[in-house]
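So the structure is just underneath, and the comments pick up after that.
Order of the sequence lines sets the chain letters (A, B, ...), proteins ahead of strands, with each chain counted from 1. Note that the structure is a prediction, hence the values are computed from the model and not measured.
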Amino acid sequence: MSALPGAGSKAGSTESWGSFDEHLIQGGGSAVIDMENMDDTSGSSFEDMGEMHQRMKEEEEVTEEAAAAEEGEDGEFLGMKGIKGQLGRQVADEVWQAGKRQASKAFNLYANIDILRPYFDVEPVQVRNRLLESLIPVRMINFPQKVAGELYGPMMLVFTLVAILLHGMKTSGTVIREGTLMGTAIGTCFGYWLGVSSFIYFLAYLCNAQITMLQMLSLLGYGLFGHCVVLLVTYNVHFHSLFYILWLIIGGLSTIRMVAVLLSRTVGQTPRLILCGTLAALHMLFLLYLHFTYHKIVEGILDTLEGPNIPPIQRVARDVPVVSANLVNVTLKAVGLAS
Amino acid sequence: MAEVDESTKPLFAGLSDVSISEDIPVEGEISVPVDSPTQDDEYSTLDEPVKETILRDLKAVGKKFVHVLYPKKSTALLRDWDLWGPLLLCVTLALMLQRSSTDSKEDGGPQFAEVFVLIWFGSVVITLNSKLLGGTISFFQSLCVLGYCILPLTVAMIICRLVLLGSEGIVSFIIRFIVVIVSFGWSTFASTAFLADSQPPNRKALVVYPIFLFYFVISWMILTFAPSSSSSTKTVGH
């Protein structure tokens, strides 16, 4: 690496390469930084391999480029002889460029993780307190309430919700035609968290509410704690009335808390109504959706086992014909076993 | 005799025939000491037969398996990390968890791709999480540890399959439940023994929880694995 600039500089004329010497000094500096970055990776040679590949590729490209560029000048053939000096300088320059690009890419990669680091700076006690507080509505809405800006708790809650959804889908024997169980669960939960946060943040921007994107993500993430608790209970204990009670109480509490925080940060009746109404509706409806979409078969079994007591809400029809065929088999076997 | 040779032949030609004693002729090349050729051989493993390479890698993987089965606080797993073992375990688990293609009506089992992606995506997320919480372990070391600690769960999967071959009922379910719970605890304990040391002491719980969740999901998939349609009656049971 350090030999090549030397080879380039001894090649002869310095037509447009007068500035190359400055680059040379700077190139030396960034090469040093580059090596330090390499040493930092404790034990993994991933970046080394990546850089070697990159360099080999760039050298190939450079020789092709140089050969093609010099074809016009030479005229006779695509030889290296007459243009050796030029080629050497170009190769050196390109390699230095590649090294600089690699160094800045590596720096950006590490810097990106560091951007998120302060949002994960929490203690377990803090996380526990925030989880419990997410179910306790605040009283004061005339004074902007403090919202914790951390991402560890919300992310863990979203993953927990994914795990609970998977559990619910397994026990209810849900069939997903175009896709996988895992993909559906992850897509639903992350889509809700990120999508609804962005949407409410956009509405908050329109309604002049004082809340940042990070705070909104954090608020909605902790609001999913209520959902996790309700779903954990009702996926295992299958009573419709229990679900409705829990939906109202726990879902309602976490919604009221989020709404109160938003109310405290918004002025004016109409903006408050729009913002908080939207959030409340989306949050409660999401819980309803999660319960009913992934819970078909168990309702069917309960239907047949309970006999003439028909639950108050009809099932929403889905186009999964395999499910209804299975339902008959399963309930027949269940009734056969019971007797 | 030597003087006669010197006058007729070039200067040092006769020296090759001069011998100090009968059995040590001073001629030809001076052989290097025995140690350095082995140093050269270490870097040129291209020339060794394929069997040796494979056996060496398999031995390294086997040694790490033993470390996982008896988790002590050693740094062997972290120092020479490799991803062959996790790949082997992941593929084995995914193949065994695949739904059988003959039962096209019972679509309740996961696909191969699902399990594979779950394991690797989950490991990446846990690694990123532990790095963001201020861990000192590198990316691939963490992947290596998490992958190797799937070994108890793979063993549990094999046992569950064998039990399912025998009988299906409440007894087999209890056996499988116990086996899976034990292996889940073992996996979590083994991985925290390796990973938790790299964290600040008051934040261990923050790192352990995602690992717990990750192995819990895998254990759940193993426990609910049903190779034939008759085991769906278990959903009524629990």
Side-chain angles (χ1 to χ4, degrees), chain A residues 40-46 113-114 116-128 151-153 155-156 159-160 162-163 166-167 169-177 179-183 185-186 236 297-298 301-302 305 320 322-323 325-326 329-338, chain B residues 78-81 104-118 121-122 125-126 128-134 136-144 169 200 202-210 212-214 216-217 220-221 223-226 229-230 232-238:
Chain A
D40 239 354
T41 62
S42 50
S44 65
S45 58
F46 174 69
I113 289 186
D114 284 335
L116 290 178
R117 210 181 271 268
Y119 307 141
F120 281 76
D121 190 16
V122 288
E123 306 287 322
V125 186
Q126 284 178 319
V127 174
R128 195 198 65 199
L151 287 177
Y152 174 81
M155 272 199 60
M156 289 305 127
F159 280 120
T160 310
V162 169
L166 274 177
H167 163 59
M169 289 199 277
K170 281 273 173 189
T171 47
S172 71
T174 303
V175 176
I176 307 272
R177 288 259 146 187
T180 60
L181 283 180
M182 180 66 57
I186 290 184
N236 292 313
I297 299 281
V298 184
I301 291 176
L302 280 181
L305 285 183
V320 194
V322 174
V323 165
N326 272 342
N329 292 336
V330 163
T331 48
L332 278 181
K333 284 181 191 154
V335 170
L337 274 183
Chain B
L78 295 179
R79 251 183 301 123
D80 337 302
W81 60 269
S104 58
K105 284 189 176 286
E106 272 292 317
D107 281 342
Q111 301 262 22
F112 176 89
E114 211 174 321
V115 179
F116 199 84
V117 165
L118 163 71
F121 179 67
V125 166
I126 294 176
L128 281 179
N129 176 58
S130 77
K131 280 189 90 68
L132 283 169
L133 283 172
T136 55
I137 206 171
S138 98
F139 184 73
F140 285 102
Q141 284 169 342
S142 176
L143 276 186
C144 167
N202 53 342
R203 293 200 183 167
K204 290 212 166 93
L206 296 182
V207 173
V208 169
Y209 178 69
F212 168 86
L213 203 59
F214 175 61
F216 179 78
V217 170
W220 183 249
M221 285 180 17
L223 188 59
T224 58
F225 174 71
S229 57
S230 57
S232 60
T233 53
K234 285 185 184 19
T235 56
V236 182
H238 63 87

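Nearest heavy-atom pair across A:Ile186 and B:Phe121 is CD1-CE2, 4.1 Å. Minimum heavy-atom separation, A:Glu123 to B:Arg203: OE2-NH2, 3.2 Å.
Both the backbone and the side chain of B:Leu206 have a heavy atom closer than 4.5 Å to some heavy atom of chain A. Heavy atoms of A:Val162 lying under 4.5 Å from chain B are absent altogether. Residue B:Val117: no heavy atom, backbone or side chain, is found under 4.5 Å from chain A.
The side-chain contact (heavy atoms from CB on, under 4.5 Å) search around B:Tyr209 returns A:Tyr152, A:Met156, A:Thr160, B:Phe212, B:Leu213, not counting sequence neighbours. Applying the ring-ring contact (aromatic ring centres under 6.0 Å, His included) test to A:Phe120 and every residue at least two apart in sequence or in another chain returns nothing.
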